[in-house]
Amino acid sequence: IQARRKKIWQRYYDNLVETLVNTGIDLPKVADYSTNNAHMFYLVCEDLEQRTALIHHLKDNGIHAVFHYLSLHTSEYHQAKYAGPSLPQSDFYTDTLVRLPLFYELTDEQVDFVCDKISGFVNQ
């Protein structure tokens with residue numbers, strides 16, 4: 001299962017690495033000193049508007065992509081407990097991170113379809 005997830009992750013990366021150049025959308029970064037467990041594949045948009053438009057575009061094409069990260073310090077539960085400084089990096093990822101489908105049964109053709117729709121989005 002893990003080997004298949006890594007292949008899916010790499011297929012996303014290889015298909016999108018050139019497509020996303022100069023689009024404001026970044027791919028995941030894996031440091032040279034670390035390994036990739038292919039837990040998820042995500043994109044980082046330049047702002048909330050781009051992320052929202054991308055999610056809607058993918059949804060319109062039958063692809064379930066979602067925002068992933070919510071800042072704990074802005075959650076309803078934590079707001080009354082947090083009196084610290086603003087956390088702009090945390091807020092940035094709350095607004096910009098998109099998680100793409102990544103599950104064992106995902107076929108290469110389905111990954112290519114998702115990548116094709118992302119390509120269409122950035123080229124429109």
Side-chain angles (χ1 to χ4, degrees):
I1 291 172
Q2 190 64 32
R4 177 66 189 143
R5 290 180 63 88
K6 287 180 179 182
K7 286 182 181 180
I8 293 167
W9 193 99
Q10 194 63 51
R11 189 172 190 95
Y12 271 131
Y13 191 91
D14 292 344
N15 284 349
L16 293 171
V17 68
E18 291 182 21
T19 299
L20 297 179
V21 171
N22 298 321
T23 64
I25 300 175
D26 291 325
L27 292 166
K29 294 175 178 55
V30 178
D32 293 338
Y33 58 82
S34 65
T35 60
N36 178 12
N37 69 0
H39 166 68
M40 71 172 152
F41 193 90
Y42 62 88
L43 302 174
V44 180
C45 296
E46 61 186 346
D47 55 34
L48 178 61
E49 292 74 26
Q50 185 183 49
R51 184 199 75 184
T52 301
L54 176 58
I55 288 173
H56 285 302
H57 175 78
L58 294 173
K59 182 179 179 184
D60 289 347
N61 286 281
I63 300 164
H64 185 68
V66 296
F67 63 89
H68 177 78
Y69 179 78
L70 296 174
S71 295
L72 178 60
H73 72 286
T74 61
S75 71
E76 185 177 326
Y77 170 79
H78 206 292
Q79 280 183 338
K81 297 170 179 24
Y82 184 75
S86 67
L87 302 171
Q89 285 297 100
S90 180
D91 294 335
F92 173 77
Y93 289 104
T94 291
D95 290 346
T96 61
L97 203 138
V98 177
R99 190 178 72 215
L100 299 182
L102 197 161
F103 50 92
Y104 175 77
E105 297 88 358
L106 199 63
T107 67
D108 289 348
E109 293 77 19
Q110 289 169 319
V111 172
D112 295 347
F113 178 79
V114 173
C115 293
D116 182 59
K117 297 307 172 187
I118 293 169
S119 179
F121 173 79
V122 298
N123 290 318
Q124 63 182 354

As a test of understanding, state which of N61, D112, D60 forms a side chain to side chain contact (heavy atoms under 4.5 Å, CB included) with K117.
N61

Has E18 got more than 12 heavy atoms of other residues, nucleotides or ligands less than 6.0 Å from its CD?
no

Looking at C45 and L54, what are the two nearest heavy atoms and their distance?
SG-CD2, 4.0 Å

At what distance, to the nearest 0.5 angstrom, does CD1 of I1 lie from NZ of K6?
13.5 Å

Is it the case that the side chain of R5 and the backbone of L102 share a donor-acceptor pair, with hydrogens and angles ignored and the cut-off at 3.5 Å?
yes

Measure the shortest side-chain to side-chain distance between V98 and V66 over non-hydrogen atoms and say whether it is less than 4.5 angstrom.
no

Between R11 and T107 (side chain of the first, backbone of the second, donor and acceptor by atom type, cut-off under 3.5 Å), is there such a pair?
no

Please walk me through it: do L43 and L20 pass side chain to side chain contact (heavy atoms under 4.5 Å, CB included)?
CA-CA 10 Å; L43 302 174; L20 297 179; 3.8 Å; yes

Does F92, at its CZ atom, have more than 12 non-hydrogen atoms belonging to other residues, nucleotides or ligands within less than 6.0 Å?
yes

Verify the cluster assignment for I25 and F113: are they in a single hydrophobic cluster under the rule of side-chain heavy atoms below 4.5 Å apart?
yes

Could you check L100, N36, V111 and say which one makes a side chain to side chain contact (heavy atoms under 4.5 Å, CB included) with F41?
L100

Determine the minimum heavy-atom distance between Q50 and T23, stating which atoms define it.
NE2-O, 3.1 Å

Under 3.5 Å side-chain donor-acceptor pair for T19 and N15
no

Return yes if some donor-acceptor pair links the side-chain N/O of Y12 with the main-chain N/O of P101 below 3.5 Å, else return no.
yes

Closest non-hydrogen atom pair, V21 against V17
CG2-O, 3.4 Å

Keeping S34 on the side-chain end and V30 on the backbone end, is there a donor-acceptor pair under 3.5 Å?
no

Distance-only, no hydrogens or angles: does the R51 side chain make a donor-acceptor pair with backbone N or O of V44 under 3.5 Å?
no

Residue pairs passing the side-chain hydrogen bond (donor to acceptor under 3.5 Å, both in side chains) test with at least one member in residues 89-105, sequence neighbours excluded, are H68-R99, Y69-S90, S71-S90, S71-D91, S71-T94, H73-D91

Could you tell me whether a side-chain N or O of N37 sits under 3.5 Å from a main-chain N or O of H39, the two making a donor and an acceptor?
yes

Which pair of heavy atoms, one from I8 and one from F103, lies closest together, and at what distance?
CD1-O, 3.2 Å

Nearest 0.5 Å, what's the CG-CG distance between L16 and D116?
10.5 Å

